[in-house]
Trainee: 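Encoded as structure tokens, here's the structure I'll be asking about.
Since the model is a prediction, treat every value here as computed from it, not as a measurement.
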Amino acid sequence: MTFEELTTYLTEKFGDKLELLETGKFEPFFLIKKENLVEICEAVKTDDKLLIDFLCNIGAIDTGEKFEIVYNLASIKKNIRFDLKLVMEYEGAEVDSVQEVWPCSNWYEREMWELYGINIKNHDNLTRFLLPDEWDQGHPMLKNWDAPDFKRMPEVE
Amino acid sequence: MGIIKKVPVYAEKFPGGGIITTSLNYIFSQSQASSLWYLLFGTACCAIELMATGASRYDFDRFGMIFRASPRQSDLIIAAGTITKKMAPRLKLLHDQMAEPRYVIAMGGCTVGGGPFYYDSYAVEKGIDHIVPVDVYIPGCPPRPESLFEGCLKLQEKVKLQKIQDWS
Amino acid sequence: MTEGLRTEEFQVNMGPHHPSTHGVCRFILTMDGEVIVRAEPVIGYLHRSLEKICENRTYAQCIPVMDRFEYCTSMCCNEVFALAVEKLAGIEVPEYAEYLRVIMMELNRIASHMIWYGTTALDLGAITPFLYSFREREDILDMFEMTCGQRLTYNYIRIGGVSKDIPPEFIPKCKEFLATIDHKIDDYERMLTENPIFMVRNKGVGTLSPEMAIAYGVSGPSLRASGIKYDLRRDDPYSIYNRFKFDIPVCHNGDCYDRYIIRIKEMRESAKIVRQALEQLPNAEVNTGKMVKANFKPAKGEVYSRIENSRGEMGVYIQSTGDTKKPLRVKMRGGSYNQLQVMPELVKGVKIADVVAIMASLDIIMPEVDR
């Protein structure tokens, strides 16, 4: 499927649950609402024309104003790629786990919980992951995060 | 070479030959310097270079350096690769488990002082010398096998100079 | 007699400093006798926060950081980042530079598989194969060194092209290497492929079904060993891979032995690609591309680019705000991350010695997992 075919197909199927973003240049990026996340994921996985069976990556982004979460999805059988995106406020950031749909999302979500402090609902193992066990300095991937021994690279013109 | 040339001279002076006199210090430090067994402690990129050094072309064995998987059998830690804050207690533990006299070579920029991860990294220990005492620093990212040889030869020089009385 | 005996599960700690974990991975194994009941990977011992570092670097400065992301195939790491930024900014790479990129990436893939071959044999108790494969790997490193001056972290493929042209002695050296590599791989095969001990240790061990492989996001050679013909070089062609003829080896059992066979075959296919690339290399126009400057700002946008690395799909997600010279977010994805995630499923019910064989055959490397 080309970019246009895929966009039309997905927009027809999900209607106003999806919103095409202009930022995606090569593969379509769709903005969705977090309450529809699991529903849409299940639908794209089981849809005969899409069969999105492969979760490439999940990444959280701290834009400085709010959180974004990007799901990079692919289909091995149909050779399709597109991305879903969620936007949420810092206060009470929370998202549903998609590990029922793609089991490999488990670690990506755990990483997100640890480094960004985004709570994951229905996740079976939210424990220390990448950071040391005795870590107590908060969520280091946040833009405004700081620590005594954390040095920023000086600006070079 | 020194001791081998002198052997006939000393040996003949004793009835029946076959006996050599030398200082205990000399014999201990010479033999220790030429059989430094290193602990296989590779964490990152430098570990690949350490493996290449141990393999065919560079042949680490000719310096008497053989890798050991256990700290109990090794004299030397070659800390090859980034030591993160999570790994640092393990490095200390392994160092403590080694028998005296023990040595540490810091291989690569990360172990010398943070290297490419000095700025903007929240997880990397900036230099291992505040975890364990370091004898030889080898800069480079990663250092070439030749630099590693140079570092090991420097360490051998150091080992040859030490006295038994200094062992604690 | 046995009815009266009570057995108890116990835990064995493996790693983080263990010679066969290929870095610093730790497993907490719950054992029932010699059989594994549960395995829990503990990672993060090599978490160097590469993503945080990239957020505070300019785009050109990110390339050396990407080198450390997966040091066995640094060329591919450079490529995946350069590819993403080129997509964002709409930069065209000259044809000559594309050929050089492909030659370097495929040579790097062979070198990476050689590391895998040597260490796998080492983990299973054979030392000779390690010495053989590292001998040929040095020839590849010589070629890289004469091109970009580094043995491991190359910083060669830059945004917009490659950093410099290959020296005149590169092509003869490369041809000489390609002329012998097939015989060398025959030698490798003679040592392990039919070796009875190797076969017993690998056949039927760690069987990964295609469904589980896809569900856990396993990619690359490990996925193809499970019978799924999926290779991004063919299915989602990047660079100029659609100009070359090569086979995609597939096996169907999904056990450790098949993963071994796939990687051996892949080395030959990569050599094939390099041969074709050398033949097609345009001699008329030597243009290695124009590097971007330090104040380079791509347009606002986001992109996820992915390539076929020797360990599976390597991807990088970049978001640019359009008004700064630093990326807002760089998220890296490595094949080993998912292969390690599937390990607990694979090692259930096997003997403790097979953990080493399974881990070696999946070709897990820790910087890709921890980043």
Side-chain angles (χ1 to χ4, degrees), chain A residues 21-27 29 45 53-64 68 70-77 79-83 85 99 101-108 110-112 114-115 125 127-133 135 140-143 145 150 152-153 155-157, chain C residues 40-47 49 51-53 55-58 61 84 87-90 211-212 214-219 223 228-230 232 235-236 294-295 299-306 313 315-317 319-322 328-333 337-338 340-342 345 369-371:
Chain A
L21 289 171
E22 286 172 5
T23 47
K25 295 272 159 53
F26 282 79
E27 284 99 15
F29 274 76
K45 194 190 176 188
D53 44 12
F54 196 80
L55 175 72
C56 299
N57 188 15
I58 303 178
I61 301 130
D62 178 13
T63 60
E68 293 177 357
V70 170
Y71 294 78
N72 306 111
L73 310 175
S75 164
I76 287 180
K77 295 192 184 90
N79 205 5
I80 299 170
R81 246 206 40 67
F82 67 92
D83 312 76
K85 192 173 192 180
Q99 63 173 354
V101 192
W102 301 290
C104 68
S105 75
N106 189 307
W107 279 19
Y108 291 109
R110 204 169 146 193
E111 188 184 321
M112 213 150 72
E114 183 177 44
L115 299 180
N125 189 15
T127 47
R128 268 274 166 258
F129 191 49
L130 289 172
L131 298 171
D133 294 333
W135 183 267
M141 284 296 283
L142 297 177
K143 287 278 178 195
W145 181 84
F150 180 68
R152 282 191 189 277
M153 186 147 160
E155 285 290 328
V156 186
E157 286 308 316
Chain C
E40 192 198 335
V42 181
I43 66 168
Y45 291 99
L46 195 54
H47 178 55
S49 66
E51 289 167 0
K52 183 91 177 170
I53 293 173
E55 284 176 14
N56 294 300
R57 297 282 195 277
T58 64
Q61 283 173 333
K87 273 184 180 177
L88 267 182
E211 295 77 30
M212 191 195 273
I214 294 183
Y216 276 92
V218 174
S219 49
L223 180 68
I228 293 170
K229 199 170 183 178
Y230 186 68
L232 292 175
D235 291 306
D236 190 4
N295 57 1
K300 181 175 163 59
E302 51 196 323
V303 69
Y304 175 76
S305 82
R306 52 181 192 159
E313 175 180 329
V316 62
Y317 167 85
Q319 185 172 357
S320 148
T321 53
L328 180 72
R329 173 79 162 112
V330 177
K331 173 82 173 76
M332 303 158 189
R333 186 248 197 238
Y337 193 74
N338 296 65
L340 187 64
Q341 205 175 343
V342 80
E345 302 288 332
V369 180
D370 293 342
R371 285 155 290 136

Trainee: Looking at CD of Glu313(C) and CD1 of Ile76(A), how far apart are the two atoms once the value is rounded to the nearest 0.5 Å?
Mentor: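 Going from CD on Glu313(C) over to CD1 on Ile76(A), the span is 8.5 Å.
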Trainee: Does the pair Tyr108(A) and Arg333(C) meet the rule for a side chain to side chain contact (heavy atoms under 4.5 Å, CB included), with working shown?
Mentor: CA-CA 10 Å; Tyr108(A) 291 109; Arg333(C) 186 248 197 238; 3.7 Å; yes
Trainee: To the closest 0.5 Å, what do you measure between CG (Asn338(C)) and CG (Asn106(A))?
Mentor: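 If we round to the nearest 0.5 Å, Asn338(C):CG and Asn106(A):CG are 11.0 Å apart.
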Trainee: Heavy-atom distances under 4.5 Å only: say whether Gln341(C) touches chain A with side chain, backbone, both or neither.
Mentor: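 Looking at Gln341(C), backbone and side chain both touch chain A.
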Trainee: Testing the basics here: between Trp107(A) and Tyr337(C), what is the closest heavy-atom pair and its distance to 0.1 Å?
Mentor: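 It is O-OH, 3.2 Å.
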Trainee: Val342(C), Ile214(C), Asp236(C): which one forms the most heavy-atom pairs within less than 4.5 Å of chain A?
Mentor: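 Greatest number of close heavy-atom pairs with chain A: Ile214(C).
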Trainee: Is chain C contacted by the side chain of Pro132(A), its backbone, both, or neither, given a heavy-atom distance below 4.5 Å?
Mentor: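 Looking at Pro132(A), nothing touches chain C.
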Trainee: What are the two closest heavy atoms between Asn79(A) and Asp235(C), and how far apart are they?
Mentor: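 Smallest heavy-atom distance, with atoms named: ND2-O, 2.6 Å.
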Trainee: Nearest heavy-atom pair of Cys56(A) and Tyr304(C): which atoms, and what distance?
Mentor: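 What the structure gives for the nearest pair is CB-OH, 3.4 Å.
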Trainee: Main chain of Leu142(A), side chain of Lys52(C): is a donor-acceptor contact present, judged purely on distance under 3.5 Å?
Mentor: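 Checking the backbone N and O of Leu142(A) against the side chain of Lys52(C), a donor-acceptor pair under 3.5 Å is found.
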Trainee: So, are Glu111(A) and Arg371(C) salt-bridged, with charged N and O less than 4.0 Å apart?
Mentor: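 Looking at Arg371(C) together with Glu111(A), the answer is yes, because their closest N to O distance falls below 4.0 Å.
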Trainee: Measuring heavy-atom distances to chain C, does Thr127(A) have an atom under 4.5 Å in its side chain, in its backbone, in both, or in neither?
Mentor: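 Answer is neither: Thr127(A) stays 4.5 Å or more from chain C.
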Trainee: Heavy-atom distance under 4.5 Å to chain C: side chain of Asp62(A), backbone, both or neither?
Mentor: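 When you check distances to chain C, only backbone atoms of Asp62(A) fall under 4.5 Å.
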Trainee: Of all residues at least two apart in sequence or in a different chain, which pass the salt bridge (charged side-chain N to carboxylate O under 4.0 Å, His left out) check with Glu114(A)?
Mentor: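 By the salt bridge (charged side-chain N to carboxylate O under 4.0 Å, His left out) rule, Glu114(A) matches Arg128(A).
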Trainee: For the backbone of Val70(A) and the side chain of Lys331(C), can you confirm whether one donor and one acceptor N or O come within less than 3.5 Å of each other?
Mentor: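 No: the side chain of Lys331(C) does not pair with the backbone of Val70(A).
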Trainee: For chain C, which of Pro103(A), Pro140(A), Ala60(A), Gly59(A) has the most heavy-atom pairs under 4.5 Å?
Mentor: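 Among Pro103(A), Pro140(A), Ala60(A), Gly59(A), the one with the most close pairs to chain C is Pro103(A).
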Trainee: Starting at CZ of Phe54(A), measure out to CG of Leu223(C) and round the result to the nearest 0.5 Å.
Mentor: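 The CZ atom of Phe54(A) sits 7.0 Å away from the CG atom of Leu223(C).
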Trainee: What residues form a ring pair (Phe, Tyr, Trp, His ring centres under 6.0 Å) with Tyr230(C), not counting sequence neighbours?
Mentor: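 Checked Tyr230(C) against ring pair (Phe, Tyr, Trp, His ring centres under 6.0 Å); zero matches.
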Trainee: Measuring from atom CD of Glu27(A) to atom CD of Glu302(C), what distance do you get when rounded to the nearest 0.5 angstrom?
Mentor: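 Glu27(A) CD to Glu302(C) CD: 11.0 Å, rounded to 0.5 Å.
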Trainee: Salt bridge or not between Glu55(C) and Lys143(A)? Use side-chain N to carboxylate O under 4.0 Å.
Mentor: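 Looking at Glu55(C) and Lys143(A), the cut-off is met.
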Trainee: Quick check on Phe150(A) against chain C: is it the side chain, the backbone, both or neither that has a heavy atom closer than 4.5 Å?
Mentor: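 Side chain of Phe150(A) only, per the 4.5 Å heavy-atom cut-off to chain C.
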Trainee: Just do the side chain to side chain contact (heavy atoms under 4.5 Å, CB included) check on Met141(A) and Arg329(C) with the steps written out, would you?
Mentor: CA-CA 10 Å; Met141(A) 284 296 283; Arg329(C) 173 79 162 112; 3.4 Å; yes
Trainee: Measure distances from Ile53(C) to the heavy atoms of chain A and classify the residue's part below 4.5 Å as side chain, backbone, both or neither.
Mentor: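 For Ile53(C), no heavy atom lies under 4.5 Å from chain A.
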Trainee: Apply the side-chain contact (heavy atoms from CB on, under 4.5 Å) test between Leu130(A) and each candidate in Asp370(C), Leu46(C), Val369(C); give the one that qualifies.
Mentor: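 The option that passes is Asp370(C).
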Trainee: Looking at Thr63(A), Val101(A), Leu131(A), which makes the most heavy-atom pairs under 4.5 Å with chain C?
Mentor: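 Of Thr63(A), Val101(A), Leu131(A), Thr63(A) has the most heavy-atom pairs under 4.5 Å with chain C.
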Trainee: Checking heavy atoms, do the side chain of Val42(C), its backbone, both or neither come under 4.5 Å from chain A?
Mentor: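 Interface part for Val42(C): neither.
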Trainee: Ignoring hydrogens, what is the shortest heavy-atom contact between Tyr317(C) and Ile61(A)? Give both atom names and the distance.
Mentor: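 Taking Tyr317(C) first and Ile61(A) second, the nearest heavy atoms are OH-CD1, 3.4 Å.
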